[in-house]
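Side chains are part of it too, since the values below use all heavy atoms of this structure and drop only hydrogens, waters and symmetry mates. Remember, it's 1-based here, ligands and their atoms both numbered in the order they're listed.
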Amino acid sequence: MALVLPERGCLVACEKDATSLDVAKRYYERAGVSHKVDVRHGLAADTLRSMIQNGEACRYDFAFVDAEKRMYQQYFELLLQLVRVGGVIVLDNVLWHGKVADPLGKSN
Ligand SMILES: C[S@@+](CC[C@H](N)C(=O)[O-])C[C@H]1O[C@@H](n2cnc3c(N)ncnc32)[C@H](O)[C@@H]1O
């Protein structure tokens with residue numbers, strides 16, 4: 001995503017695990033996109049809340065969520081505030097094994 005951002009674009013990357021963060025930073029460097037990536041170490045929900053408190057509501061065009069499925073509802077509510085009207089929020093694996101369509105929540 002950072003590769004296709006314009007030079008003045010900014011991607012905020014949330015990660016709670018320091019080791020994963022080091023790996024990610026290494027690849028941002030290698031790809032030449034470090035200047036476009038604002039890395040936030042900590043729990044994503046805390047980061048998103050602090051972004052809202054810092055006046056960043058409606059500033060973002062796009063969000064991609066790929067962690068902790070049980071937190072998706074909360075991430076979605078926070079991202080609705082951060083992503084502008086007409087922006088896009090993508091949640092990875094939402095249809096996981098069809099559970100979302102199972103009224104008893106028991107499929108698989
Ligand atoms: C499936 S991986 C993401 C992979 C990434 N989308 C990619 O394509 O490289 C999930 C990551 O989310 C991180 N993570 C899990 N829970 C988190 C949380 N509450 N806050 C921030 N990061 C979290 C994990 O440490 C892990 O690195």
Side-chain angles (χ1 to χ4, degrees):
M1 285 183 224
L3 283 170
V4 298
L5 274 180
E7 276 307 301
R8 288 179 54 241
C10 176
L11 182 156
V12 176
C14 302
E15 176 57 59
K16 69 173 183 180
D17 178 63
T19 307
S20 301
L21 209 48
D22 285 343
V23 173
K25 282 181 184 169
R26 211 160 51 237
Y27 283 93
Y28 297 146
E29 284 289 334
R30 259 194 225 180
V33 297
S34 294
H35 61 294
K36 297 184 198 173
V37 184
D38 177 357
V39 175
R40 309 283 181 97
H41 185 197
L43 296 175
D46 292 343
T47 300
L48 298 178
R49 270 191 287 273
S50 79
M51 289 165 70
I52 294 165
Q53 280 160 9
N54 289 341
E56 295 178 48
C58 301
R59 289 240 193 113
Y60 294 88
D61 299 308
F62 179 81
F64 176 65
V65 182
D66 184 17
E68 267 192 317
K69 308 297 173 254
R70 72 189 64 190
M71 289 291 288
Y72 270 26
Q73 180 76 39
Q74 204 172 320
Y75 293 148
F76 184 62
E77 295 296 336
L78 293 165
L79 290 169
L80 278 177
Q81 297 176 64
L82 288 165
V83 174
R84 67 174 172 78
V85 173
V88 175
I89 301 172
V90 176
L91 301 160
D92 193 51
N93 293 331
V94 163
L95 305 177
W96 196 257
H97 297 294
K99 276 190 181 176
V100 72
D102 180 354
L104 302 176
K106 291 199 312 189
S107 76
N108 193 6

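- Within 4.0 Å of atom 19 (N) of ligand 1, at least one protein heavy atom is present.
- Near D17, the atoms of ligand 1 lying under 4.0 angstrom from a non-hydrogen atom of the residue are 25 (O).
- The two residues K25 and S34 have their closest heavy-atom pair at O-OG, 4.4 Å.
- Between atom 25 (O) of ligand 1 and the options E15, M71, K16, the minimum heavy-atom separation is to E15.
- Considering both main-chain and side-chain atoms, L43 never comes within under 3.5 Å of ligand 1 through any nitrogen or oxygen pair.
- Listed by atom number, the atoms of ligand 1 under 4.0 Å from Y75 heavy atoms are 18 (C), 19 (N).
- The two residues K69 and D92 come nearest to each other via the heavy atoms CE-O, 3.9 Å.
- Residue contacts with ligand 1: Y27 is excluded, as none of its non-hydrogen atoms falls under 4.0 Å.
- The shortest N or O to N or O distance between D66 and ligand 1 is below 3.5 Å.
- Closest non-hydrogen pair, V37 versus A2, comes out as CG2-CB, 3.9 Å.
- The environment of OH in Y27 is sparse: at most 12 heavy-atom neighbours from other residues, nucleotides or ligands sit within 6.0 Å.
- For the atom pair CG (L91) and CG (L79), the distance works out to 7.5 Å, reported to the nearest 0.5 Å.
- Contact analysis puts G42 in contact with ligand 1, with a non-hydrogen atom separation below 4.0 angstrom.
- Listed by number with element, the atoms of ligand 1 under 4.0 Å from a non-hydrogen atom of A44 are 18 (C), 20 (N), 21 (C).
- Nearest protein heavy-atom contact of atom 12 (O) of ligand 1 is A67 CB, 3.4 Å.
- The two residues Y72 and D66 come nearest to each other via the heavy atoms OH-CA, 3.7 Å.
- Note that CG of D46 and CZ of R40 are 12.0 Å apart. Values are rounded to the nearest 0.5 Å.
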